[in-house]
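These notes concern the structure reproduced below.
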Amino acid sequence: MGKKKILVTGGAGFIGGNFVQYMVNKYPQYDIYNLDLLTYAGDLTKHIDIETKENYRFVKADIADRDTINVLFEKEQFDYVIHFAAESHVDRSITDPGVFVKTNVLGTQVLLDASRKINVTKFVHVSTDEVYGELDFDPTTFFTEETPINPSSPYSASKASSDLIVHSYFETYDLPINITRCSNNYGPYHFPEKLIPLTISRVLNNQKVPVYGDGKNVRDWLHVIDHCSAIDLVLHEGVKGEVYNIGGHNERTNLEVVKTIIKHLNKSENLIEFVDDRLGHDKRYAIDPTKLEKLGWIPKYNFDSGIIDTINWYLDNFEWWEKILSADYQNYFKKQYNLN
Ligand code: NAD
Ligand code: TDX
């Protein structure tokens, strides 16, 4: 028997990138293939420590390119597929929804067809708590796996659509799938369009931080490494056809998050700028992870220390995020916000 082949899509992005490193280091007995289109959100320099390892390979491809994907799957006969690749930013989905449907919906369906043809042992679809829509501010309410899907943004609607298609391949063709729905991640290599790295990078440059609306919207934060360990567990132990929610009970308002970062960096709260609210802005997300905990998952990070580790990582890895803040990002930022 040869080594097991694991295909990770979107492994040049934030979470997929952390997952690829986690798997390459943890499982020398697996060959890890990272398939990524290298969009604005993808970057391979993060993999400098693993790129020469014998169990790591990179393939540049578009998941929505059926011919290329079919040829690759036929050739490599992957055992497992862990599917992260997506357009992931809610604000971009509000200004340009089309590519979200193409990548997140069609791209997922292309991967499912290819996986079915070669009878993969497991297809893990990495989804999000945003498919459930929003909760109100009652702290006793949570998203469970039974919460009805009710997405608000074009991003979350495209993810919800892909979840439904993935589930249909289980019901119709008995494809061994799992769907995971995680809360907001934070940690190393988070692209600086998202709240936490945007705040860190702007505060370090003494620039204003745009806070949407009144800053009271709540997100449930999970360290990216805890997300990786959860997916590893679902890949190996998840009951086929099942959905697993992932979250570590770390609810914070956006304003609390921004103030924590400003405080740790010894800067002034005058950097906070309240700006127009996001269209369709979900009030609150909060995950009930009981089902995953019953499978044996134990998260390692709490937010109060994890956020400090993350800020320190950005301080130590200035050269990684500084290059991302160059031309394309500045154009995006100018269009998105009325701030310098
Ligand atoms: P990201 O935007 O940082 O990375 C996405 C990666 O996918 C990039 O490397 C990009 O180049 C690649 N990609 C985009 N379109 C592609 C295509 N057509 N073909 C191949 N590759 C393509 O995203 P992320 O934050 O790492 O999120 C990864 C996954 O996790 C997504 O499916 C997202 O919905 C899900 N998720 C994210 C969070 C979060 O907090 N960031 C939480 C829950 C779930
Ligand atoms: O400039 C900002 N100001 C602000 O107040 C930005 C970028 C965000 N926000 C708010 C909006 C949200 O309430 O902060 C919160 C977090 O925003 P994002 O970082 O854009 O994340 P979110 O919209 O919650 O979605 C993220 O978590 C779930 C990921 O981007 C998704 O891919 C994932 O599915």
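Just so you know, ligand 1 is whichever comes first in the structure, and atom 1 is the first atom listed for that ligand.
- Considering backbone and side-chain N/O atoms, Glu130 comes within less than 3.5 Å of an N/O atom of ligand 2.
- Under 4.0 angstrom from ligand 2, the non-hydrogen atoms of Leu195 come from both its backbone and its side chain.
- Of the heavy atoms in His89, none comes closer than 4.0 Å to ligand 1.
- Note: Tyr40 and His89 fail the aromatic proximity criterion, with ring centroids not under 6.0 Å apart.
- Heavy-atom proximity to atom 27 (O) of ligand 1, evaluated over Ile15, Leu38, Asn34, Asn184, is greatest for Ile15.
- Relative to atom 11 (O) of ligand 1, the option among Asn104, Ile63, Asp36 with the closest non-hydrogen atom is Asp36.
- When the options Ser88, Ala64, Ser156 are ranked by their closest heavy atom to atom 23 (O) of ligand 1, first place goes to Ser88.
- The closest side-chain donor-acceptor pair between His125 and Thr108, if any, does not fall under 3.5 angstrom.
- Distances between N or O atoms of Asn184 and those of ligand 2 include at least one value under 3.5 Å.
- Among Thr39, Asp62, Ile246, the residue whose heavy atom sits closest to atom 18 (N) of ligand 1 is Asp62.
- Using a 4.0 Å heavy-atom cutoff, Gly17 is absent from the residues neighbouring ligand 1.
- Ring geometry for Tyr212 against His281 counts as perpendicular: the plane angle is over 60°, on a 0 to 90° scale with 30° as the lower cut.
- Of all atoms in ligand 2, numbered sequentially from 1 with element shown, those under 4.0 Å from a heavy atom of Thr128 are 28 (C), 33 (C), 34 (O).
- The ligand atoms of ligand 2 that sit less than 4.0 angstrom from a heavy atom of Pro210 are 1 (O), 2 (C), 3 (N), 4 (C), 5 (O).
- Contact analysis leaves Gly11 out of contact with ligand 1, as no non-hydrogen atom separation drops below 4.0 angstrom.
- Residue Tyr337 holds the heavy atom nearest to atom 1 (O) of ligand 2 of all those in Tyr285, Phe14, Phe191, Tyr337.
- With a heavy-atom cut-off of 4.0 Å, Lys194 touches ligand 2 through backbone and side chain alike.
- Between atom CG of residue Asp309 and atom NE2 of residue His223 there is a gap of 6.0 Å, rounded to the nearest 0.5 Å.
- Between Tyr332 and Tyr329, the angle of the ring planes lies from 30° to 60°, which puts this pair in the tilted group.
- Between atom 31 (C) of ligand 2 and the options Cys182, Ala86, Ser88, the minimum heavy-atom separation is to Ser88.
- When Ala86, Gly10, Ala85 are ranked by how near their heavy atoms come to atom 14 (C) of ligand 1, first place goes to Ala86.
- Look at Gln336 and you'll find every heavy atom at least 4.0 Å from all atoms of ligand 2.
- Contacts of Arg116 classified as side-chain hydrogen bond (donor to acceptor under 3.5 Å, both in side chains), with partners at least two apart in sequence or in another chain: none.
- Of the N and O atoms on the side chains of Tyr186 and Arg219, not one donor lies less than 3.5 Å from an acceptor on the other residue.
- With ring centers used as reference points, His249 lies under 6.0 Å from Phe142.
- Of the candidates Asp129, Thr9, Val126, Val126 brings a heavy atom nearest to atom 35 (C) of ligand 1.
- When only interatomic distances are considered, the shortest N/O to N/O separation between Asn185 and ligand 1 falls below 3.5 Å.
- Ligand 2 has Glu193 within reach: a non-hydrogen atom of the residue lies less than 4.0 Å from it.
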